[in-house]
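Throughout, numbering of the chain's residues begins at 1 and tracks the sequence.
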Amino acid sequence: MATEQSRPGGAAGAGLAAARLGTVRAALWLFATVLAVRQIAVVLNPPKGERLTDLETWVGPSGVLRVKGSLYESTQFTGTPFGGLVLKPLTRTAEQALGWGWTFGTLLLVVALGLVAARALPQPVTRRTALLAAPVAVTLLMLSLPVRNTLYLGQTSIIPVLLVLAGCFAVRGERTSGFCVGLAAAFQPTVLLFVVLLWFTGRRRAAASTGITFAGATALAWAAMPHDSFTYWVHHLAGVGLGGRADDLANHSLHGALLRLGLEGPLEIVVFLALAVAVAVVGMRRAVHYARDGQLLLAVALTGCVVVAVSPTSWKHQLLWVLLAVVGRVGKKASSRYVWPVAVVLVMTLPAKMMVPNMGALHPVRDNVVLLAALAAALVVPFLSRTSEYYRAPIPTEYAPRAETRFRRAPLLRRVATRPNLLLELLLIRVTYAAYQRTRLEATGSRAAAEEHAGQVLAVEKALFIDVEHWFNHAVVQVDWLRGFFDFYYTSFHFVVPLSVLGILYWRRPADYRWARTSIGFTTVLALVGFFFYPLAPPRLMPGLGIIDTIYGVQDFSRPDYGRLTELTNQYAAMPSLHFGWSLWCGLTIALVAPKVWMKVLGLLHPFFTALAIVATGNHWILDAVGGAAVVGAGFGLTYLLTGPRTSAPRRARGEPREQPQPDGPLVPAVQQGGGGRGVA
C-alpha cells in the first residue's frame, strides 16, 4: 500500500524535476542567444575600417585577394594558398552583405561546434548533462576570447576546429572522417598532427585519407596560384613570418614565448625545434592514451593544445583548442573537480591581466598564460582515466549539520565542512579583485555630481555636529610623526591585513575561512553599488574646504581631472569607505575567532586606527565610515541568510579529555578541524 502511494508522488517529483531541467535549459539557450546578439552588435556597429579588419584586408575594395599579384606581398594575408582560393569568390559579394553574412555564418559555425562538442562527451552521461551540455558549450564558446577575436577580425579559425570535430564525431566512415581533417589541415597545416592520433588509435584509413586530402587541396591551390604557393610553402616556410611580429603578445606559441624572453637567431630556432619535438612526442602519447581510454574529445583537445604550442605562430583567434580541454576530469575529491574547468574557462574568457597581477616578476606568466595552459593540458595535468573508481564517483564533499536559526528560510545553502581547494580560491580571489577594480573604474561619476554629493554629506555632518574632518586633518599635519604614521597606516594595511586574516583562517580554521570569505565578498559587491549610484568627492578633492592631502600633496583644482591617481583609480569611490569596511570586517572576524582576549582587542583596534587614518589623510568623510559599517553588516547578514549562523563547539573544562570523533559521524573531525567553528560555503 505504501509503495502504491509512493508511485504518484515519485512520478510527480520526476515531472517537477524534468520541468525544472527544461526551464534551466531554456534559460541557458536564451542566454546564449543574447550573447550572440551582443556579438553581432559589437562586430557590426563600429564604422567601416574598424570592423572585420582582417576580412576587409583580404576581400575589401583594396584587399589582397582583389589585387593582381601575390597574396603575400604585404604579408597581411596569413592563410594558406588553399584558404585564399576558397575566399576569392567572396570578393564579388557586396560589402554590407558580406559583413552581415560573414558574421551570421561564423555564429552558425560556433553553434554547430558547440553541438558537436556536446555530442562528443564520453559516455555514459546523465540525462541532465546530455540536456544542458549543448547550451553550456555554446555559451562558453561565445564568451571565449578566440571566438570573440574571430568575430571581431572576420577570421576563419572556427573552420579547422569544426572540421576536425566533425571528422572525429559527426560523420560516418573513416575516409569521410579523414577528408574533414585533411580539409582542416589545408586551412591550418599544423592540424596534420591529428594524423598521429588517427594512426595510433587504429583509424589508419582516416589517417591516410587526411594526408591525401591535404595533399590534393594543396596541389589544387598550387595549380591555380603557383607563385603564391611557392611564396607560402618555400619562401615563408609554411607561413612563417606572415602577419604581425612573431614576438607579439598575440602569438601564444613556444616560438613567440622564446622571442619575448630574449632568445633570437639560430639559438632560438634550435631551442624552439627541440622543445616543439619534445612537446609533440609527450603530448601525442598522452592524447593517444586518452583516446584509447574512450575519451576521444579530450584526446582531440590535447592534440589541439600541442598544435597551439608547436606552431610558429598561434594567434589569439587560433587558440580555441585549449577551451576543449575543459572536458578532462581531474581530482579524486568532488570539491577539487571544479579546479581545472574553472581555470580553463577563466584563462580562455578573461584578459591575462585579470588572471595575473601586474608585477614585473610575473610578466612572463601573464604574457604566456594561454600557452602555459595548453602546455599544462598537453603534458602534465593528471586527467583521470575512465577506469578509475573516482571518474564517475569522486569522494563526496562533507557538509556540516544544518544550523538552527530563528528564520524558517535560513540557511538557504548547506555549509561545507572541509578546507576549500587553494588553487581555486586563489584564482577566484584574483579574478574577483580584478573585476572589482574594473567595475570601480567604470563607476566614475562626473566631478560636478561628486562635489554636489560631497556638499550633501557635509551638510548632514554639520547638522549632526560631526564635521571634524578639517580640524582633525590640520591637527595631524602639525605633528610630523603622527602624519607619517597615518599616511603609512592608510597606504599599507588596506590589503595586507585582510589577506593575512584570510590566509591564517584558511591555514588554521578552514571552516571559518568560508564564512569570512563569503561575508567580505558580499561587502565588496554592495560597496560597488554605492560607487555606481553615489559618486562622492573626498574631502581632499573639495575646493574651498582647505583639506590637506597628506599623501599626494596639494591638488590643482583648476584641472578637470585633478589628483595624481585619477588615471589609475576612481577618485570618487568614497561612499561607502571600503578602507574602513574591510578593516571593520577584519576586526569583527578576529574578535569572533581569536582564542585570546588580547587578540580580540588588537583586532578591534585596526578599524579604530583606520577610521582615524581615512579622516586624517583627507580621503574620507565620517559618514563614509558609517556607510562602510553598513555594507559590512549587510555582508554578514547575507552570509547568515545563505548559510546560517557561525556556531562554536562548547568549551572543554581544564583537564577534560578531548572528545573523540564518533565512528559513524564523519563530520565531527571536519568540524573540529575548523577550530570548533562550523564553516560556511
Side-chain angles (χ1 to χ4, degrees), residues 29 80 82-83 86 105-127 129-138 140-141 147 156-220 284 286-307 320-321 323-328 385-387:
W29 276 118
T80 62
F82 178 77
V86 172
T106 303
L107 287 173
L108 289 176
L109 292 179
V110 172
V111 173
L113 182 61
L115 294 175
V116 175
R119 180 183 175 185
L121 291 175
Q123 300 296 321
V125 296
T126 63
R127 182 171 179 270
T129 300
L131 290 175
L132 300 184
V136 169
V138 173
L140 289 178
L141 288 170
V147 168
T156 61
S157 52
I158 302 294
I159 297 175
V161 182
L162 179 59
L163 285 172
V164 170
L165 288 188
C168 293
F169 303 105
V171 300
R172 295 182 178 179
E174 290 194 18
R175 290 188 176 87
T176 307
S177 174
F179 174 79
C180 292
V181 179
L183 207 57
F187 283 97
Q188 187 178 353
T190 45
V191 170
L192 283 173
L193 275 172
F194 280 92
V195 170
V196 178
L197 179 66
L198 295 172
W199 184 270
F200 285 100
T201 54
R203 305 176 69 180
R204 299 191 174 183
R205 289 184 180 178
S209 178
T210 297
I212 293 171
T213 302
F214 170 75
T218 303
L220 177 63
M284 294 312 302
R286 281 167 52 88
V288 170
H289 166 74
Y290 287 110
R292 291 173 176 171
D293 184 57
Q295 301 185 68
L296 184 56
L297 181 57
L298 178 59
V300 169
L302 299 189
T303 306
C305 288
V306 174
V307 168
L320 199 55
W321 300 105
L323 183 60
L324 297 178
V326 75
V327 300
S385 169
R386 292 180 67 208
T387 59

With rounding to the nearest 0.5 angstrom, report the [atom1] to [atom2] distance, [X] to [Y].
{"X": "L121", "Y": "F169", "atom1": "CG", "atom2": "CZ", "answer": "9.0 Å"}
{"X": "L198", "Y": "L193", "atom1": "CG", "atom2": "CG", "answer": "11.0 Å"}
{"X": "L298", "Y": "R286", "atom1": "CG", "atom2": "CZ", "answer": "8.0 Å"}

Restricting to non-hydrogen atoms, name the atom on [X] and the atom on [Y] that form the minimum distance, rounded to 0.1 Å.
{"X": "S209", "Y": "G178", "result": "OG-C, 3.5 Å"}
{"X": "C180", "Y": "G167", "result": "CB-CA, 3.8 Å"}
{"X": "F187", "Y": "G83", "result": "CE2-CA, 4.0 Å"}
{"X": "V138", "Y": "G114", "result": "CG2-CA, 4.0 Å"}
{"X": "L296", "Y": "R203", "result": "CD2-NH1, 4.0 Å"}
{"X": "V191", "Y": "A184", "result": "CG1-CB, 4.1 Å"}

Main-chain N/O of F200 paired to R292 side chain as donor or acceptor, under 3.5 Å: yes

Q188 side-chain N/O to P160 backbone N/O, donor-acceptor pair under 3.5 Å: no

Residues, nucleotides or ligands: over 12 heavy atoms within 6.0 Å of R205 CZ: no

Got [X] and [Y] here, is their nearest side-chain heavy-atom distance under 4.5 Å?
{"X": "L141", "Y": "L320", "answer": "yes"}
{"X": "L165", "Y": "L297", "answer": "yes"}
{"X": "V195", "Y": "F214", "answer": "no"}
{"X": "P189", "Y": "T80", "answer": "yes"}

Plane angle bin for W321 and F194 - parallel if under 30°, tilted between 30 and 60°, otherwise perpendicular: tilted

Residue of the set L183, L113, V171 for which side-chain contact (heavy atoms from CB on, under 4.5 Å) holds with L163: L183

Option passing side-chain contact (heavy atoms from CB on, under 4.5 Å) with V147 (candidates T106, V110, L140, L323): V110

Verdict with supporting geometry, R127 and L131, side chain to side chain contact (heavy atoms under 4.5 Å, CB included): CA-CA 6 Å; R127 182 171 179 270; L131 290 175; 3.9 Å; yes

Test side chain to side chain contact (heavy atoms under 4.5 Å, CB included) applied to V306 and T190, step by step: CA-CA 9 Å; V306 174; T190 45; over 6 Å; no

Verdict with reasoning, L109 to V161, per side chain to side chain contact (heavy atoms under 4.5 Å, CB included): CA-CA 10 Å; L109 292 179; V161 182; over 6 Å; no

Trace of the side chain to side chain contact (heavy atoms under 4.5 Å, CB included) decision for L108 with V111: CA-CA 5 Å; L108 289 176; V111 173; 5.5 Å; no

